[in-house]
Amino acid sequence: VGVTGIRRWHAEHAWLPGQGVATDVLIEASHGRFTAVTTGTRRPADATSLPGLTLPGFANAHSHAFHRALRSVTGGSDFWGWRSVMYSVAERLDPDSYHRLARAVYAEMALAGISCVGEFHYVHDGTNAYGHVLMEAAREAGLRITLLDTCYLTSGVSGEPVTGVQRRFSDGTADGWLRRVSEFGAVPPHGRLGAAIHSVRAVPPAGMRVVAGWAHEQAAPLHAHLSEQPAENQDCLAAYGQTPAAVLDSAGALGPRATMVHATHLTSDDVRLLGESQTTCCFCPTTEADLGDGIGPSLALSDAGAPLSLGSDGHAVIDPLQEARLLEWGQRYVLGRRGVFPMTSLGAAATSAGHACLGWPDAGEIVPGAHADLVTVDLASVRTATGARRVGPAGPGAPDIGADGLLATVFLAATAADIRHVVISGRDVVHDGRHLLIPDVAAELATAIGAVL
Ligand SMILES: [Zn+2]
């Protein structure tokens, strides 16, 4: 993805670590990395102008690309009903149709400001062909990707065998998974290979240990779905006498390189376990709303020491700003108060914490040395326009909206439709709201989805 040569952008406003929102920011990059960030300076003639608020690139820490096909499907009255519809799409995927679909979905992500996707990948027929296709789809759409190659062995906590389309998810045994992942081959520069334990339903503890062992050995990210549904917890308690978080902990699957996705139905012991082990918790609030999963204890987890990241999971929408908003609003519903997370915490969940949990700790901040990812949000759209002065000394007239106000405008009111420019590893991928590599993303989505529905 990276490009050689020196690039310069001049941001009207930019969110910088430790400084809040700065004004008139000259941002320079070379070979896909930031080299210098200078505030309060005029635009040099050769710098691309970025009017609005510029943020680091967003990380989508949890995606199943093919679920995008289900967006307009209303079937299934709950999670389990929805899952059976999802299985019927999984049945029809082949490497070609999956390539076209993923490329269009990743292009939609770029338009929403996402510079790196964590693909929790489980439809593989026991081969690496699909994994390579997904990496290629991300490259064509201009994104970096962490392929979280998923172990899936059983259809229930008691070791029930996989049936029907689930057979496409299985490597037979954990050693089969290990053998396949070890044979993945070369990983391109825009990619990373990570591991995933699908859930306590799909991998017994002995298998979890094999997957976690590989991830530790490779210093690779390790992800798992955790306690999305109460039924999963009940089955797990019945089988092991422990919660899913405790079972995963006993198998060595928690820790600073691990990410637990959803973390919806937790005990206070689970929260302590996840916080003390510094396990990242990835919330997917629009999907959790769409499926009626519930609202997980994100504030308690964060207070306990767990970093938070965000994912679009089933792609009910692809919009990191809406995920961040619903993370905050979910806690407002539950706790009955406003201002639960500082705006900078919502920003960190969408950016630095997300990239870090995908194995890219050198991305997600506008600082020299980091991947040169930028997202510019329009501050003059129908959603973001305000009469308040954005910057400048206090004086008569309109009140100063301030740095927090600017971030609040973006995280609580803007949508993906307000994203004007996206730079990924130093390369312009979206300009004026248009994808520069894939001219008609909507048409590609329609064609690709039509082929698998
Ligand atoms: Zn998921």
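All ligand and atom numbering here is 1-based and tracks the order in the structure. We're numbering straight along the sequence, starting at 1.
- Of all N, O or S atoms in His225, the one lying closest to the Zn ion (ligand 1) is NE2.
- Minimum heavy-atom separation, Ala220 to Arg257: O-CD, 3.7 Å.
- Inclusion of His262 in the first shell of the Zn ion (ligand 1) is not supported: no N, O or S atom falls under 2.8 Å.
- For His62 and Phe283, the ring centers are positioned 6.0 Å apart or more.
- For the salt bridge (charged side-chain N to carboxylate O under 4.0 Å, His left out) criterion with Arg68, the lone passing option out of Glu119, Glu108, Glu444 is Glu108.
- Cys284 lies apart from the Zn ion (ligand 1) in this respect, since none of its N, O or S atoms is found at a distance under 2.8 Å.
- The aromatic ring centroids of Trp177 and His124 lie 6.0 Å or more from each other.
- Checking Asp313 against the Zn ion (ligand 1), an N/O/S atom falls under the 2.8 Å cut-off.
- One of the N, O or S atoms belonging to His62 lies under 2.8 Å away from the Zn ion (ligand 1).
- Aromatic pair His198/Tyr122: centroids less than 6.0 angstrom apart.
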